[in-house]
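Numbers for residues simply follow the sequence, beginning at 1.
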Amino acid sequence: MQYKIVFSDIDGTVLTSSHHVLPSTTLAVKELLQKSIPFVLVSARMPQAIRTVTDEMNVNIPMISYGGALVLDDRQNILYDRKISAADTAAVIKEIKLFWQDSVVINYYAGDGWFVEDTENKAVVREENITRVKARQADFAQLLADGVLPNKLLCMTSPPICEMMEKMLGEMFPQLKIMRSSPILLEIMDKTVSKAEGIKIMLEHFGLKANQSIAFGDNYNDLDMLELAGVGVAMNNAPDDVKKTASAITDDNNHDGIYKFLQKIKLVD
């Protein structure tokens with residue numbers, strides 16, 4: 001099988017533990033592009049936070065952001081844009097503030113905008129340092145009144161509250177996808193959103209089939225795309241359950257995992 005497209009998660013996959021791209025990964029991506037094989041970043045991140053990665057590699061490539069809710073081609077044209085409805089947004093924010101007002105930081109992501117109610121909050125500052133993107137202060141009710149709907153809401157909190165929120169909000173809002181992306185992060189999106197669905201849109205854009213694709217990932221929110229791809233490759237830093245689901249395993253994100261696998265299958269030199 002000649003693989004025609006490569007998809008990859010960002011954090012824990014393309015990025016090292018110090019949040020940078022390995023030189024070997026950049027070389028592999030550029031070699032793929034020279035062979036007209038698209039390399040597509042797939043992440044829960046917002047587009048601007050994905051561009052900090054593509055800027056580091058000095059490439060213009062397609063991206064699937066917000067876990068599949070916003071899909072952009074290499075010129076940043078929108079191929080797909082799924083929002084949470086105004087009614088659901090207002091309702092879920094109301095419930096979060098009712099139960100966890102002082103314990104949760106809500107992040108409101110819409111297109112290329114990241115909005116919070118307190119830009120000086122320590123959790124927000126930490127996320128800014130990781131993503132190299134600045135949040136903007138805003139009133140969520142005003143955003144809704146202005147018709148600015150979110151692709152994603154992200155809640156930052158402690159692990160016990162995060163687990164509780166996932167269960168409670170999941171039962172209250174079955175029309176939404178509510179899942180932890182880490183012990184302290186809870187993501188909220190439209191129910192139809194997934195990395196796999198985003199990949200299907202990108203495959204259609206390029207006129208390719210799933211069995212012509214390779215996907216790299218390192219965590220539970222990558223499982224659907226690893227299962228969809230022709231070859232789903234788990235990084236060695238992935239949990240055992242993810243490794244068991246993947247069709248192949250490569251080295252970890254700090255030790256040239258992406259490059260080594262692509263070289264092994266002779267997609268790069």
ask   = When the ring planes of Phe216 and Phe261 are compared, do they come out parallel, tilted or perpendicular, using 30° and 60° as the limits?
value =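 Taking Phe261 first and then Phe216, their aromatic rings stand perpendicular (interplane angle over 60°).
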request  = Could you label the plane-to-plane angle of the Phe115 and Tyr108 rings as parallel, tilted or perpendicular, counting under 30° as parallel and over 60° as perpendicular?
outcome  =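 The arrangement is perpendicular - the two ring planes meet at more than 60°.
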inquiry  = Tell me whether the count of non-hydrogen atoms from other residues, nucleotides or ligands lying under 6.0 Å of CG in Asn60 goes above 12.
reply    =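 At most 12 heavy atoms, drawn from other residues, nucleotides or ligands, come within 6.0 Å of this atom.
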message = With a sphere of 6.0 Å drawn around NZ of Lys260, does it hold more than 12 non-hydrogen atoms of other residues, nucleotides or ligands?
response =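 Buried by this count: over 12 neighbours within 6.0 Å.
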Distance-only, no hydrogens or angles: does the [X] side chain make a donor-acceptor pair with backbone N or O of [Y] under 3.5 Å?
{"X": "Gln212", "Y": "Lys209", "answer": "yes"}
{"X": "Thr157", "Y": "Cys162", "answer": "no"}
{"X": "Asp73", "Y": "Arg75", "answer": "yes"}
{"X": "Tyr66", "Y": "Val71", "answer": "no"}

Quick check for you: to the nearest 0.5 Å, what is the distance between [X] atom [atom1] and [Y] atom [atom2]?
{"X": "Thr119", "Y": "Arg136", "atom1": "OG1", "atom2": "CZ", "value": "12.0 Å"}
{"X": "Tyr220", "Y": "Thr245", "atom1": "OH", "atom2": "OG1", "value": "9.0 Å"}
{"X": "Ile93", "Y": "Leu143", "atom1": "CD1", "atom2": "CG", "value": "8.5 Å"}
{"X": "Met235", "Y": "His255", "atom1": "CE", "atom2": "NE2", "value": "11.0 Å"}
{"X": "Asp9", "Y": "Asp222", "atom1": "CG", "atom2": "CG", "value": "4.0 Å"}
{"X": "Leu72", "Y": "Asp74", "atom1": "CG", "atom2": "CG", "value": "10.5 Å"}

Closer than 4.0 angstrom, basic N to acidic O: yes or no for [X] and [Y]?
{"X": "Glu163", "Y": "Lys167", "value": "no"}
{"X": "Arg51", "Y": "Asp112", "value": "yes"}
{"X": "Lys200", "Y": "Glu204", "value": "no"}

For [X] and [Y], work out which heavy atoms get closest and say how close.
{"X": "Leu226", "Y": "Ala215", "result": "CD2-O, 3.4 Å"}
{"X": "Val133", "Y": "Glu128", "result": "O-CG, 3.2 Å"}
{"X": "Asp11", "Y": "Asp218", "result": "O-OD1, 3.0 Å"}
{"X": "Lys35", "Y": "Asp269", "result": "NZ-OD1, 4.4 Å"}
{"X": "Val21", "Y": "Met57", "result": "CG1-CG, 3.8 Å"}
{"X": "Met202", "Y": "Ile5", "result": "CG-CD1, 4.4 Å"}

[X] versus [Y]: any side-chain heavy-atom pair under 4.5 Å?
{"X": "Ile265", "Y": "Ile214", "answer": "yes"}
{"X": "Val116", "Y": "Asn121", "answer": "no"}
{"X": "Asn58", "Y": "Lys30", "answer": "yes"}

request  = Indicate whether any N or O donor in one side chain lies under 3.5 Å from an N or O acceptor in the other, for Asn107 and Glu127.
outcome  =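 There is no such pair between these side chains.
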ask   = Looking at Leu79, Ile201, Ile199, which one forms a side chain to side chain contact (heavy atoms under 4.5 Å, CB included) with Ile64?
value =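 It is Ile199, the one option of Leu79, Ile201, Ile199 that forms the side chain to side chain contact (heavy atoms under 4.5 Å, CB included) with Ile64.
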